[in-house]
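Inspection log for the structure reproduced underneath, given as structure tokens.
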Amino acid sequence: MQEEESSPIKEQKLELGSVMLSREEIDRRVSEIAAEIAEDYRGQELIVVCVLKGAAIFMVDLVRKIGDAVDVRMDFMAVSSYGDSSTSSGVVKIVKDIDSYPEGKNVLLVEDIMDSGLTLYYLRDVLMAKNPKSFRTCVLLEKPERKKVSTEIDYKGFTIPDKFVVGYGLDCAGQWRHLPDIWSVDV
Ligand code: IMP
Ligand code: MG
């Protein structure tokens, strides 16, 4: 018989705390941000870059709500910084770069959460080096108490307290990304 994979969650006995943001609150806010983006880029091409995997659910909801006022192109990046730990290693590495050529184009980077700000700070540099016509950031959650470096967020969903959160794409060691609401985790 195959042995069950060992899971850091089980070992640490982490448990879901309570719902911090309900699916209805998230849906309302994502609609508002999408309307703003649709207005700002009306009639233009926009490369929306999702930072995998955490921003995937946010990004697909967002682009569907932006609608046909904008010529949206989807692209994806993957970075590693956290591993399976809930505290940052402080090291950001690009695991997958975008496929498109953003030179002379509008780029919108979509991220799930800004914690220390290191990931966003680093990705801004990487994408700016590709000479886009414009570059903006869209971040669902910001934890201002944990900020180490300052990077501007152009479209922000919610400001949250210093709690580890999961759901709506966000995970803890791969778990709980699929939950429709955003929960705090008792670490
Ligand atoms: P930063 O570089 O410290 O700003 O970290 C950003 C990345 O850390 C995000 O893309 C998330 O993957 C991860 N992260 C930070 N806080 C949380 C959290 O509360 N839940 C899940 N992932 C988080
Ligand atoms: Mg992540």
Side-chain angles (χ1 to χ4, degrees), residues 7-23 25-26 29-30 33 47-63 74-98 107-129 135-187:
S7 151
I9 304 276
K10 279 179 205 148
E11 282 155 24
Q12 288 173 35
K13 291 201 174 53
L14 300 181
E15 281 178 22
L16 285 178
S18 54
V19 171
M20 185 183 282
L21 294 162
S22 70
R23 64 196 76 182
E25 285 173 273
I26 298 167
R29 189 68 194 118
V30 176
I33 297 172
I47 303 175
V48 180
V49 178
C50 166
V51 185
L52 293 170
K53 301 170 187 168
I57 294 178
F58 176 38
M59 187 248 218
V60 296
D61 278 354
L62 189 70
V63 295
M74 292 163 67
D75 212 330
F76 300 87
M77 285 186 101
V79 297
S80 71
S81 66
Y82 269 48
D84 277 354
S85 155
S86 65
T87 52
S88 176
S89 62
V91 180
V92 181
K93 194 177 113 206
I94 296 196
V95 176
K96 186 215 170 296
D97 203 347
I98 54 173
V107 172
L108 179 66
L109 181 67
V110 177
E111 178 56 315
D112 54 357
I113 187 164
M114 187 162 114
D115 189 47
S116 68
L118 286 166
T119 307
L120 214 62
Y121 186 83
Y122 177 72
L123 291 180
R124 168 186 286 271
D125 270 6
V126 168
L127 291 169
M128 287 299 281
F135 176 82
R136 285 186 181 164
T137 57
C138 176
V139 179
L140 183 65
L141 306 171
E142 185 193 11
K143 286 187 204 169
E145 291 163 54
R146 308 235 332 151
K147 195 180 288 180
K148 284 190 194 146
V149 291
S150 176
T151 309
E152 202 181 323
I153 300 176
D154 299 290
Y155 305 97
K156 181 168 68 183
F158 303 91
T159 301
I160 61 163
D162 183 12
K163 293 241 170 79
F164 200 81
V165 290
V166 296
Y168 197 67
L170 291 117
D171 73 307
C172 185
Q175 201 178 11
W176 296 316
R177 287 193 199 277
H178 63 296
L179 302 179
D181 308 294
I182 292 177
W183 294 71
S184 61
V185 175
D186 298 329
V187 188

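The model shown is predicted, which means the values in this text are computed figures rather than measured ones. Remember, it's 1-based here, ligands and their atoms both numbered in the order they're listed.
Residue contact check: Leu118 has heavy atoms under 4.0 Å from atoms 2 (O), 4 (O) of ligand 1. Close approach of ligand 1 to Glu111 is summarised as follows: ligand atoms under 4.0 Å from at least one heavy atom of the residue are 9 (C), 10 (O). Here is the list of ligand 1 atoms found below 4.0 Å of a heavy atom in Asp112: 9 (C), 10 (O), 11 (C), 12 (O). Per-residue contacts place Leu170 under 4.0 angstrom from the following atoms of ligand 1 (heavy atoms of the residue considered): 20 (N), 21 (C), 22 (N). Less than 4.0 angstrom separates some heavy atom of Thr119 from each of these atoms of ligand 1: 1 (P), 2 (O), 5 (O), 6 (C).
When Tyr122, Phe164, Trp176, Tyr121 are checked for heavy-atom proximity to atom 17 (C) of ligand 1, Phe164 turns out nearest.
The shortest N or O to N or O distance between Gly117 and ligand 1 is under 3.5 Å. Among the atoms of Met114, none of the N or O lies under 3.5 angstrom from an N or O of ligand 1.
Checking Leu108, Thr137, Val110, Leu140 one by one against Tyr155, the side chain to side chain contact (heavy atoms under 4.5 Å, CB included) holds for a single residue, Leu108.
Under a 4.0 angstrom heavy-atom cut-off, Val92 registers as lying outside contact with ligand 1.
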Test Lys147 against Glu142 for salt bridge (charged side-chain N to carboxylate O under 4.0 Å, His left out), laying out the working first.
CA-CA 9 Å; Lys147 195 180 288 180; Glu142 185 193 11; 3.1 Å; yes
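With contacts defined as side-chain heavy-atom distances shorter than 4.5 Å, the pair Phe58/Cys138 qualifies.
The nearest pair of heavy atoms linking Ile182 to Tyr168 is CG1-CB, 3.7 Å.
Although no hydrogens or angles enter the test, the distance criterion places no donor-acceptor pair under 3.5 Å between the side chain of Arg146 and the main chain of Lys163.
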